[in-house]
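Residue numbers start from 1 in every chain, and the chains themselves are labelled A, B, ... in the order their sequence lines are given, proteins ahead of strands.
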Number of protein chains: 2
Amino acid sequence: MARATKINVDTSQRILDVAERLVQTRGFNGFSYADIAGTLGVTKASLHYHFPTKAELGQRLIERYEQRFLDALATIERSGVDAREKLRRYAAIYTDVLRSNRMCLCGMLASDYATLAKPIKEGVKQFFNRNEDWLVAVLEEGRSSGALRFAGSPDVVARGIVGALEGAMMLARSYGEVVRFEAVADRLIAEL
Amino acid sequence: MARATKINVDTSQRILDVAERLVQTRGFNGFSYADIAGTLGVTKASLHYHFPTKAELGQRLIERYEQRFLDALATIERSGVDAREKLRRYAAIYTDVLRSNRMCLCGMLASDYATLAKPIKEGVKQFFNRNEDWLVAVLEEGRSSGALRFAGSPDVVARGIVGALEGAMMLARSYGEVVRFEAVADRLIAEL
DNA sequence: GTCTATAGGTGGATAGAC
DNA sequence: GTCTATCCACCTATAGAC
């Protein structure tokens, strides 16, 4: 009964899957509905039924991506490891994305920022705000417990971590060298 | 005599100026010849006379940008300041770019990387290689003189600095807050 | 929900006059 | 070196049949 409206494993989700990969590899202005349609073997008109405009598609992409990310952070939180290990696992999320030759969805959208519709811009900022909030909490916990030692406000350190990981990811992807990212990320966390 | 072929302050340079700003604000796939033509008050056909294809335009953009950047680094080198001050002035180059609401040209192209022609890709990597080479030299000098103290290889630290500045820049631009970048950059250098 | 067909616009690029 | 005119491929998006 609960699945009455769920006939065929949700076309919307498969569209989002393909679109997500395209944004993460080519940027929001680097793909078209035709690319998605070609991959899925449907027509462009079908896509417009599920996502009337490209801007709406973008909004849904961010919402889903952010939810997954927050879920991952919640999982780290529940694991009960110390603050340093939490940061290692946080960086590992980025590494996993990079391994599939992708950029962070919101890192990519941040570079396309000037060309995006307002709701997408808001979504991007919210994503980074929530990342920073989580990191601030971890940093404060680590400083209290003695697991971490750092100068400056947790706020600035958190922003530094997000920026450093996003930037290192972007460069490592250009070189096609995941190890480039790992070395930088390891040192970043080791310095705290 | 020497200026015989230079009638009107070089249209090519003015085209590059406008194109550069567009790439730095909207990305390589976020602008068109029509945008440049509209700004300069010429036709698209004129632009194609100076830069036959968009890929060639992109190549010239990188070449010019890299030359300017290397000139700026050479100026820092000649100033005779200590290693820490060199890093501060290096970061200041980024701050100046960000103040005009722009991303680093090559940072932007790094995010568009998958969609670019091969010569442009090579140009992007070369830009970052030269940045890292310069930083490695400064870091080694600073470690020798005692002006800097850091763990790990200068190589990894240099890559961390470039990535951190590019990433922080990208995020700060999204928030429209230059101060966000400055706080992160200051702390980054202070930690060395 | 998916299709065919198409609208209406813009993309990069070229030919040829001036 | 800049223009007009144009090509053709592709873009986002919609109408309407099935």
Side-chain angles (χ1 to χ4, degrees), chain A residues 3-23 25-62 108-109 112 114-121, chain B residues 3-23 25-62 108-109 112 114-121:
Chain A
R3 51 169 288 290
T5 56
K6 251 194 175 180
I7 307 300
N8 53 6
V9 203
D10 220 330
T11 305
S12 291
Q13 292 301 314
R14 298 202 303 145
I15 294 170
L16 289 174
D17 289 341
V18 175
E20 184 176 76
R21 180 176 51 77
L22 286 167
V23 174
T25 51
R26 304 179 57 88
F28 196 74
N29 299 315
F31 79 101
S32 72
Y33 270 42
D35 295 321
I36 305 173
T39 301
L40 290 179
V42 297
T43 60
K44 292 188 289 171
S46 273
L47 304 182
H48 280 285
Y49 168 80
H50 295 278
F51 304 95
T53 68
K54 201 181 177 187
E56 286 179 62
L57 172 61
Q59 277 181 254
R60 297 296 158 76
L61 280 176
I62 291 192
M108 206 58 148
L109 293 176
D112 295 326
T115 70
L116 303 175
K118 191 168 288 180
I120 303 187
K121 287 182 179 177
Chain B
R3 52 171 287 289
T5 56
K6 250 194 176 181
I7 305 302
N8 52 8
V9 204
D10 219 330
T11 305
S12 292
Q13 292 301 313
R14 298 201 303 146
I15 295 170
L16 289 174
D17 289 341
V18 174
E20 186 176 75
R21 178 177 51 79
L22 286 166
V23 173
T25 50
R26 304 179 56 88
F28 197 74
N29 300 315
F31 79 101
S32 72
Y33 269 43
D35 295 321
I36 306 174
T39 301
L40 291 180
V42 296
T43 61
K44 290 190 291 170
S46 272
L47 304 182
H48 281 286
Y49 168 81
H50 294 278
F51 305 96
T53 68
K54 202 181 177 185
E56 288 178 62
L57 172 61
Q59 278 181 254
R60 298 297 157 77
L61 280 176
I62 293 192
M108 206 59 148
L109 293 175
D112 294 327
T115 70
L116 303 175
K118 192 169 288 178
I120 303 187
K121 288 182 178 175

Quick check against the 3.5 Å criterion: does A:Y33 have a side-chain atom that pairs as donor or acceptor with the backbone of A:T43? no
| task | Quick one: label A:S32 by what it contacts on the DNA or RNA (base, sugar-phosphate, nothing), any heavy atom closer than 4.0 Å. | result | sugar-phosphate
When rounded to whole Å, the CD1 to C1' distance for the pair B:I36 and D:dG1 reads 17 Å
Here the distance between atom P of D:dC10 and atom NZ of A:K54, to the nearest Å, is 15 Å
Across the strands shown, which category fits A:F51 at heavy-atom distances under 4.0 angstrom: base, sugar-phosphate, nothing?
nothing
Ranking D:dA13, C:dT2, D:dT2 by distance to the side chain of A:H48, first place goes to D:dA13
B:N29 atom CG is separated from D:dC11 atom P, nearest whole Å, by 12 Å
Rounded to whole Å, the CD-P distance (A:E56 to D:dT12) equals 14 Å
Measuring to OP1 and OP2 of C:dG12, would you say a side-chain N or O of B:T53 lies under 4.0 angstrom away? no
Per nearest nucleotide of DNA chain C, the residue lying toward the 5' end, A:K44 or A:Y49, is A:Y49
Rounding to 0.5 Å, atoms CG (B:L116) and CG (B:L109) come to a distance of 6.0 Å
Taken to the nearest whole Å, CZ/B:R26 to P/C:dT10 is 13 Å
Check: Does the side chain of B:T43 get closer than 4.0 angstrom to OP1 or OP2 of D:dT2 through an N or O atom?
Finding: no
Judged by nearest nucleotide, the residue sitting upstream toward the 5' end of DNA chain D, A:A45 or A:D35, is A:D35
Between OH of A:Y33 and P of C:dA7 the distance, given in whole Å, is 21 Å
| Would you say the side chain of A:F31 lies within less than 4.5 Å of the side chain of A:T25, judging by non-hydrogen atoms? | no
**Message:** Test your reading of the model: is there a side-chain donor-acceptor pair from B:K54 to the backbone of B:F28, 3.5 Å cut-off?
**Reply:** yes
Taken to the nearest 0.5 Å, the spacing of A:L47 CG from A:T11 OG1 works out to 10.0 Å
Here the distance between atom C1' of C:dA13 and atom NE2 of B:H50, to the nearest Å, is 16 Å
